[in-house]
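Every chain is numbered from 1 and lettered A, B, ... according to where its sequence line falls, protein lines coming before strand lines.
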There are 6 protein chains.
Amino acid sequence: MSEPYLPTLLTATPEEGFQLAIKLSRLGVKFTQPSAETRERLRADYADNADSLTAASQVVAINFQTVAQANGFWRD
Amino acid sequence: MSEPYLPTLLTATPEEGFQLAIKLSRLGVKFTQPSAETRERLRADYADNADSLTAASQVVAINFQTVAQANGFWRD
Amino acid sequence: MSEPYLPTLLTATPEEGFQLAIKLSRLGVKFTQPSAETRERLRADYADNADSLTAASQVVAINFQTVAQANGFWRD
Amino acid sequence: MSEPYLPTLLTATPEEGFQLAIKLSRLGVKFTQPSAETRERLRADYADNADSLTAASQVVAINFQTVAQANGFWRD
Amino acid sequence: MSEPYLPTLLTATPEEGFQLAIKLSRLGVKFTQPSAETRERLRADYADNADSLTAASQVVAINFQTVAQANGFWRD
Amino acid sequence: MSEPYLPTLLTATPEEGFQLAIKLSRLGVKFTQPSAETRERLRADYADNADSLTAASQVVAINFQTVAQANGFWRD
């Protein structure tokens, strides 16, 4: 990845923050499995498995904690 | 999703905060498996499996940490 | 659930806080599996499985973090 | 349990705090499986399983976060 | 490991912080399985398993919480 | 264990903090399985299993959060 992929944790809204949490979760996978082709093939499996989806949602939840805290929970 | 799905993390009460934590947990699944039909089908399985339910409750717990902190734990 | 089930995160003592953490963990299950009959049936299984019990204790631990922080760790 | 089982989260030392984290982890199990006999029987299994031991250590780690924070990390 | 492997948690950018989180996750493995040969062999397996990749991403997410907090979330 | 095993959470450097996080993770196992012989036997298994290593790294990550926070992230 030559272009910047994570310039900031700050987002304008909670929704953008949630999208960033999803992005962070995928980045965590990408750096372990760099092949987009393999990731796409695996996706077919786990997107059809309830426990895999729950596990994916958990990683997003952890990353969203980080992003929400970074943004002061968008309180203002 | 064209309409805003996460306008704020602030809620009036702990109960509404808990409901928001559940919503966040489901959003984490929805963005991985966008097909409502598939999610509904999978739901039948994991809602009848004790460990799957515990895992789901764990994701809610993590998201509730975020929401509770955002709301200053509704101390006032 | 028509009556309020989560009026506050504040408790008088750590013990009551721990009980609230258990309640939150069960609420996380209840909203995914609303049938009390099904939950009772599943309970028989996972209460006799060491790993299921550890997983349940983990959800309680996460919720207890939230409750303890809400209560300033009952330091006073 | 009629006697108080969790009077405070404050401990004099990190070691006592770690012991309290272990106690909290076991309490999380105890309230799900109240039978001491069943817990003892299950213990024989999971104490001989590497992944079960790692999972148990994870619950202790989460509870230790809470206890350590409650005690200001015993910095003084 | 004779050379310093973790001189600081401070990084100039979120991207470098994310790389540090990945490094910390691998260090956690390295100290349990010191053989680079074994780790490389195991990598072939888990990099082709969706649930293993999600689990790896979760460890990165936890370490990224630590690194992000250490760096004040790179807010300035 | 008659000698003190956890005198403080404070360490001079991030590296020592990471080592302490590993120690805490092992203590969590030790108190559940006190037999060093059994632990050594189990180690042979899980050190050769990718998912077990990821799980071990996760426990270290959680404990490292605690240690890093205790040390103000070694910012100075």
Side-chain angles (χ1 to χ4, degrees), chain A residues 1-11 17-18 20-76, chain E residues 5-6 8-33 35-76:
Chain A
M1 290 185 228
S2 52
E3 80 278 28
Y5 59 86
L6 190 59
T8 177
L9 296 185
L10 305 184
T11 69
F18 198 77
L20 179 54
I22 292 172
K23 183 182 178 177
L24 285 165
S25 306
R26 292 183 179 161
L27 281 172
V29 171
K30 203 176 285 191
F31 283 106
T32 307
Q33 177 46 271
S35 158
E37 194 188 326
T38 301
R39 291 200 307 273
E40 198 51 42
R41 177 168 48 80
L42 294 175
R43 189 183 177 76
D45 292 338
Y46 89 92
D48 206 39
N49 180 290
D51 290 336
S52 300
L53 288 171
T54 301
S57 179
Q58 178 156 323
V59 182
V60 173
I62 295 170
N63 279 316
F64 188 60
Q65 287 192 329
T66 309
V67 175
Q69 200 175 346
N71 286 279
F73 302 97
W74 303 277
R75 276 200 199 102
D76 305 323
Chain E
Y5 59 86
L6 189 60
T8 177
L9 296 185
L10 304 184
T11 69
T13 65
E15 276 189 35
E16 291 177 25
F18 198 78
Q19 294 301 324
L20 179 54
I22 292 172
K23 183 182 177 177
L24 284 165
S25 307
R26 292 183 180 162
L27 280 172
V29 170
K30 203 176 285 191
F31 283 107
T32 308
Q33 177 47 272
S35 159
E37 195 187 326
T38 301
R39 291 199 308 272
E40 198 52 43
R41 178 168 49 79
L42 295 174
R43 189 183 178 76
D45 293 337
Y46 90 92
D48 206 38
N49 180 290
D51 290 335
S52 300
L53 288 171
T54 301
S57 179
Q58 178 157 322
V59 182
V60 173
I62 295 170
N63 279 316
F64 188 60
Q65 286 193 329
T66 309
V67 175
Q69 200 175 347
N71 286 278
F73 303 97
W74 302 278
R75 276 199 198 102
D76 305 322

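- Taking the six-membered ring for Trp and thresholds of 30 and 60 degrees, E:Phe18 and A:Tyr5 have ring planes more than 60 degrees apart, a perpendicular arrangement.
- One distance of note links CZ of E:Arg26 with OG1 of A:Thr32; it measures 6.0 Å at 0.5 Å rounding.
- Not counting sequence neighbours, the partners of E:Thr38 by the side chain to side chain contact (heavy atoms under 4.5 Å, CB included) test are E:Gln33, E:Ser35, E:Arg41, E:Leu42, F:Asp48.
- In this structure E:Ser52 satisfies the side chain to side chain contact (heavy atoms under 4.5 Å, CB included) test together with E:Tyr46, E:Asn49, F:Asp51, sequence neighbours excluded.
- Residue E:Ala47 touches chain A through both its backbone and its side chain, counting heavy-atom pairs closer than 4.5 Å.
- For A:Arg75, there are no salt bridge (Lys or Arg N to Asp or Glu O under 4.0 Å) partners, not counting sequence neighbours.
- Only the side chain of A:Leu10 has a heavy atom closer than 4.5 Å to any heavy atom of chain E.
- Heavy-atom pairs under 4.5 Å with chain E were tallied for A:Gly28, A:Pro7, A:Pro34; the largest tally goes to A:Gly28.
- Annotation: residues 54-62 of chain E contacts chain A through E:Thr54, E:Ala56, E:Ser57, E:Gln58, E:Ala61, E:Ile62 [non-hydrogen atoms, separation under 4.5 Å].
- Contact detail for A:Asn63 and E:Phe64: the closest heavy-atom pair is OD1-CD2, 4.5 Å.
- A pairwise comparison of heavy atoms in A:Thr66 and E:Gln65 identifies OG1-CG, 2.9 Å as the closest pair.
- For E:Ile22, the part sitting under 4.5 Å from any heavy atom of chain A is the side chain, from C-beta outward, and nothing else.
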